[in-house]
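All remarks here apply to the structure that follows.
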Amino acid sequence: MSKNPKITAEEIALIKSAQAGEITAFNKLYEKYKNFTTNLLFKYIKDYDESKDINNIVWLKVYNKLSKFKDYSSFGGWLRILTNRTAIDYLRRLNDLTCVSDTAAQNVAEPEADHGDSIVDNIAYEQLVEMFKQFPEDVRRVFELYYVEGLTVSEIHDVTGIPDGTIKSHLSRRRKQLKQKFNL
């Protein structure tokens with residue numbers, strides 16, 4: 001399917017039922033469109049098994065965002081955009097991990113270099129938990145999603161509704177705070 005799937009009146013009713021919380025309706029949507037989203041992901045990721053795994057993330061996002069969806073005639077387009085963004089986020093994260101592994105030797109050779117996330121890695125778990133308890137609830141949630149769950153800034157935005165700039169600001173300020181407190 002290279003084009004957005006055409007939507008029928010029956011599918012609109014199915015979407016509305018899924019929005020109302022009917023799990024069987026959501027499962028039917030998933031069954032109908034899962035190949036569409038998997039194939040879109042494959043165009044980006046080039047690994048079919050990985051595409052199927054990432055497809056679960058897409059459908060988790062669909063589940064979380066479906067209640068806000070209103071333009072039923074553009075369901076296929078909406079699904080395409082959500083899938084494309086998920087693929088791009090995945091590839092960015094994969095690229096970031098590749099860059100991290102490529103520079104691992106440099107980090108060992110240059111321990112004084114400040115690499116943001118390494119600050120958190122250098123703090124004992126117990127100390128980090130105590131520090132987290134002092135953060136406001138929204139900041140703590142951002143840190144948990146970023147460091148524990150491994151979400152990207154845009155994924156944290158999707159989960160919390162907090163603007164990307166605010167998320168980045170929270171992360172930056174708290175890293176500085178951790179650096180000062182633990183003399184890193």
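Numbering starts at 1 and runs along the sequence shown. Values in this document were obtained by computation on a predicted structure and should not be read as measured data.
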Original post:
For the residue pair Tyr90 and Glu50, what are the closest heavy atoms and their distance?
Top reply: OH-OE2, 2.7 Å

**OP:** May I have the step-by-step check of side-chain contact (heavy atoms from CB on, under 4.5 Å) for Arg93 and Glu155, ending in yes or no?
**Re:** CA-CA 11 Å; Arg93 179 180 291 156; Glu155 289 170 332; 2.6 Å; yes

**OP:** Determine yes or no for a side-chain-to-main-chain donor-acceptor pair under 3.5 angstrom, with Thr160 supplying the side chain and Ile156 the backbone.
**Re:** yes

**OP:** May I have the step-by-step check of side-chain contact (heavy atoms from CB on, under 4.5 Å) for Leu66 and Phe75, ending in yes or no?
**Re:** CA-CA 10 Å; Leu66 191 59; Phe75 183 73; 4.1 Å; yes

Subject >> Atom pair NZ (Lys52) and CG (Asp47), whose distance is rounded to the nearest 0.5 Å >> reply: 10.5 Å

Subject >> Evaluation steps, ring-ring contact (aromatic ring centres under 6.0 Å, His included), between Tyr63 and Tyr30 >> reply: CA-CA 10 Å; Tyr63 183 80; Tyr30 170 76; over 10 Å; no

Original post:
Does a side-chain heavy-atom distance below 4.5 Å link Val159 with Asn64?
Top reply: no

Subject >> Minimum side-chain heavy-atom gap Thr86-Tyr44 below 4.5 Å >> reply: no

Subject >> Minimum heavy-atom distance between Ala18 and Ala25, given as atom pair plus value >> reply: N-CB, 3.6 Å

Original post:
What distance do Arg92 atom CZ and Arg85 atom CZ have between them, rounded to the nearest 0.5 Å?
Top reply: 10.5 Å

Subject >> Side chain to side chain, Lys65 and Trp78, heavy atoms closer than 4.5 Å >> reply: yes

Original post:
Would a 4.5 Å heavy-atom cut-off, applied to side chains only, mark Phe69 and Leu82 as touching?
Top reply: no

Original post:
Is there side-chain contact between Arg80 and Phe36, with heavy atoms separated by less than 4.5 Å?
Top reply: yes

**OP:** Indicate yes or no: at least one non-hydrogen side-chain atom of Leu40 is less than 4.5 angstrom from one of Val58.
**Re:** no

**OP:** Quick one: closest heavy-atom pair of Ser154 and Asp164, and the distance?
**Re:** CA-OD1, 4.1 Å

Original post:
Is there a path of hydrophobic side-chain contacts, each under 4.5 Å between heavy atoms of I, L, V, M, F, W or Y residues, that connects Ile81 with Leu41?
Top reply: no

Original post:
Counting distance only, does the side-chain N/O of Thr38 pair as donor-acceptor with the main-chain N or O of Lys34 below 3.5 Å?
Top reply: yes

**OP:** Give the intermediate values and the outcome of side-chain contact (heavy atoms from CB on, under 4.5 Å) for residues His157 and Ile162.
**Re:** CA-CA 5 Å; His157 166 75; Ile162 298 172; 5.6 Å; no

Original post:
Does one hydrophobic cluster hold both Val62 and Phe42, with members joined at side-chain heavy-atom distances below 4.5 Å?
Top reply: no

Original post:
Within a reach of under 6.0 Å around NZ of Lys28, are more than 12 heavy atoms found that belong to other residues, nucleotides or ligands?
Top reply: no

Subject >> Thr83/Trp59 under side-chain contact (heavy atoms from CB on, under 4.5 Å): CA gap, chis, key distance, verdict >> reply: CA-CA 9 Å; Thr83 304; Trp59 283 93; over 6 Å; no

Original post:
Quick one: CD on Glu22 to CG on Leu29, what's the gap to the nearest 0.5 Å?
Top reply: 11.0 Å

Original post:
According to a 4.5 Å side-chain heavy-atom criterion applied to Ile, Leu, Val, Met, Phe, Trp and Tyr, with indirect links allowed, do Leu60 and Ile45 form part of one hydrophobic cluster?
Top reply: no

**OP:** State, yes or no, whether a side-chain contact exists between Pro163 and Thr166 at a heavy-atom distance under 4.5 Å.
**Re:** yes

Original post:
Are any of the side-chain heavy atoms of Asn39 and Tyr48 separated by less than 4.5 Å?
Top reply: yes

Subject >> Distance, nearest 0.5 Å, that separates OG of Ser51 from CG of Asn56 >> reply: 11.5 Å

